[in-house]
Number of protein chains: 2
Amino acid sequence: MILREPPPCASMFAPEHHAPRSGERPLDPETERLAALLAQAPLFNGLAHDEIVHFTRGVREQKVEKGVVLFHRGDPCHGFHLVLAGQIKLAFTSADGHEKVIEIIRAGQTFGEAVMFMDKPYVVMAQALTDSTLLHISKHVMFDEMGRDPMFCRKIIAGLAQRLHHLIADVETYSLRSGRERIIGYLLREDELDGEGHASGAVSLRLPTSKGTIASRLNLTQEHFSRILHELIDAGLIEVEGRTIHIPDIGRLRKSLN
Amino acid sequence: MILREPPPCASMFAPEHHAPRSGERPLDPETERLAALLAQAPLFNGLAHDEIVHFTRGVREQKVEKGVVLFHRGDPCHGFHLVLAGQIKLAFTSADGHEKVIEIIRAGQTFGEAVMFMDKPYVVMAQALTDSTLLHISKHVMFDEMGRDPMFCRKIIAGLAQRLHHLIADVETYSLRSGRERIIGYLLREDELDGEGHASGAVSLRLPTSKGTIASRLNLTQEHFSRILHELIDAGLIEVEGRTIHIPDIGRLRKSLN
DNA sequence: GCAAACTCTTGTCATAGGTCAAGAAAAACA
DNA sequence: TGTTTTTCTTGACCTATGACAAGAGTTTGC
């Protein structure tokens, strides 16, 4: 199922005229709501309420159903996205129809900043893995604020640097680790994210999406992913129950990496 | 041959005291020399001469012999590097001694910015592939200038975004293309860099470094690289003469990708 | 200009991981 | 609740790429 996002209707856009940046309190409850949502993103952490309100002029909320493609490779980029609820996958497709998922974006995360800062079209496609709600923040207000607040620039730089860091870690993983190691590493990271990062003991975790998608994220075929999972089951390292993985002893799983 | 860079002797550092930022002309010819070198880097393009001079306080020149390791994974990062002459390889090493080259940095290019912006240790190692000359620009003066000039921030953001872009392209290449395709793609890109990007016809190009290193950059073993090269020779697509590759018809090589 | 040290090739063999195809199991739906 | 659709497993087989080893070329250094 590959659906194309309907063209955004004009009413989805907040007006983009340049209001004077005075200290007057905005009374619009919709503006307040958007500001509150934005405030959650790390990027806007530490910004004054007034500053955040300023962004709302360039923000639109977007609800998409599972399967909807937000953008394709080659589409022009006018801003970036913040996921409020649901999951989005970023992937590229080769000429012969093969797909490689580069990232699974979850609630609270953002994507598309890098492309936005380059005036180039998207190089990947983005598709909703579940019904999702997102905010789209326009390039315009970002550049606006960047010119005004060097501290905001610093935050953006920090964000981009971190993203680069993760990507380099991915390259390392893809080139230096076996499929088995990648899967174990993935499970351990997953525990750190939604648990508190257990040092040892029993843990249960739920895969965020289908095994096929996760397999692709890890540069594996679905089949190979399945087989490795069953290898781990046979070794007594994990138990699988649908999308839930039980790890009887996470310390042992971690040790099995060496 | 793995040599460790000798600890930088104090005299290599320009004094780091905070001089008043007045418009007075600096008379020091060494400062002028460094400023002229810095001005070549895209990052400093468009900055006024006075601004660039300001950076020289945090710059040190470094000459390293082939084989010298500039830093290892885990070393703390105090700034970034600009290569004036020679080549540097960025790579990581797995526990079992395998090495993966992520980038071959050439004259005019910079590296290490991302880590610098994160207050984290290096995740890769850097080693001189040839005798090289570089400038090290300290974190300090960068942050200084960033606070002062939002336009400079924009440049940094643009640079990081582009680096991210390249890295994503690499991930795509590694996961979606075969060894043969990666090599052909590499040759074509190499032509675009040092030639004028020929649409068709005969081209000769010289590999920037040893085949083993390039193989690793392309996620291949030296042996496999060699075999693919000979496949291409057998297909009449290239001729190899040491480090020089002759491409009788680059259009045909490009077409052989599909 | 010779010896030592790299680098590159080539052969043989091993294997991680991919492909294709058919069921089984789950989810979604109606 | 049963039916359809999607996702997951499993089997048999294949292939791109890696590992090891030995030799042939090339540089480098004295």
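All chains are named by letter (A, B, ...) in the order of the sequence lines, taking the proteins before the strands, and each is independently numbered beginning at 1. What you are looking at is a predicted structure, and each value in this text was computed from that prediction instead of being measured.
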>> So if I take every side-chain heavy atom of B:His98 and compare against C:dG17, D:dA19, C:dT7, which nucleotide ends up nearest?
In response: D:dA19

> CD1 of A:Ile228 versus C1' of C:dA16: gap in Å, rounded?
Replying inline: 9 Å

>> What I want to find out is whether B:Glu190 reaches B:Arg206 closely enough, with some N-O distance under 4.0 Å, to be called a salt bridge.
In response: no

> Roughly, in whole Å, what's the span from CZ in B:Arg180 to P in D:dA16?
Replying inline: 11 Å

> Counting just side-chain N and O atoms, does A:Ser226 come under 4.0 Å of either OP1 or OP2 of D:dC8?
Replying inline: no

> Expressed in angstrom and rounded to an integer, what is the separation of B:Ile183 atom CD1 from C:dC8 atom C1'?
Replying inline: 14 Å

> D:dT7 C1' sits how many Å from A:Ile214 CD1, rounded?
Replying inline: 12 Å

> Is A:Glu30 salt-bridged to A:Arg33, going by a charged N under 4.0 Å from an acidic O?
Replying inline: yes

> Between D:dG18, C:dG17, D:dA19, which nucleotide gets closest to the side-chain atoms of A:Ser178?
Replying inline: C:dG17

> Is the A:Phe111 ring parallel, tilted or perpendicular to the A:Phe71 ring (thresholds 30°, 60°)?
Replying inline: tilted

>> With a cut-off of less than 4.0 Å, is there a side-chain N or O of A:Arg182 near OP1 or OP2 of C:dA16?
In response: no

>> Please report the distance, rounded to the nearest Å, between CD1 in A:Ile233 and P in D:dC8.
In response: 13 Å

>> How many whole angstroms separate atom CG of A:Leu176 from atom C1' of C:dA16?
In response: 15 Å

> Between C:dT9, D:dG18, D:dC8, which one does the side chain of A:Gln222 approach most closely?
Replying inline: D:dC8

> Given C:dG18, C:dT9, D:dT17, which nucleotide is nearest the side-chain atoms of A:His224?
Replying inline: C:dG18

> Which sits closer to the 5' end of DNA chain C, A:Asn219 or A:Gly242, going by the nucleotide each is nearest to?
Replying inline: A:Asn219

> Are any of the side-chain heavy atoms of A:Glu103 and A:Gln109 separated by less than 4.5 Å?
Replying inline: no

> Between A:Asp170 and A:Arg217, is there a salt bridge with N-O shorter than 4.0 Å?
Replying inline: yes

>> For DNA chain D, which residues of residues 206-213 of chain A approach it to below 4.0 angstrom with any heavy atom?
In response: A:Ser210, A:Lys211, A:Gly212

> Is the shortest heavy-atom distance from the side chain of B:Leu237 to the side chain of B:Ile247 under 4.5 Å?
Replying inline: no

>> So for B:Glu223 and D:dC20, does any side-chain atom that can act as donor or acceptor lie under 3.5 Å from a complementary atom in the base?
In response: yes

> Atom CD of B:Glu65 to atom C1' of D:dT28: distance rounded to whole Å?
Replying inline: 14 Å

> If we only count heavy atoms from C-beta on, is the A:Leu84 to A:Leu82 side-chain gap below 4.5 Å?
Replying inline: yes

>> Please compare B:Arg243 and A:Arg227 by the position of their nearest nucleotide in DNA chain D and report the one closer to 5'.
In response: A:Arg227

>> Rounding to an integer number of Å, can you tell me how far B:Ile245 CD1 sits from C:dC8 P?
In response: 11 Å

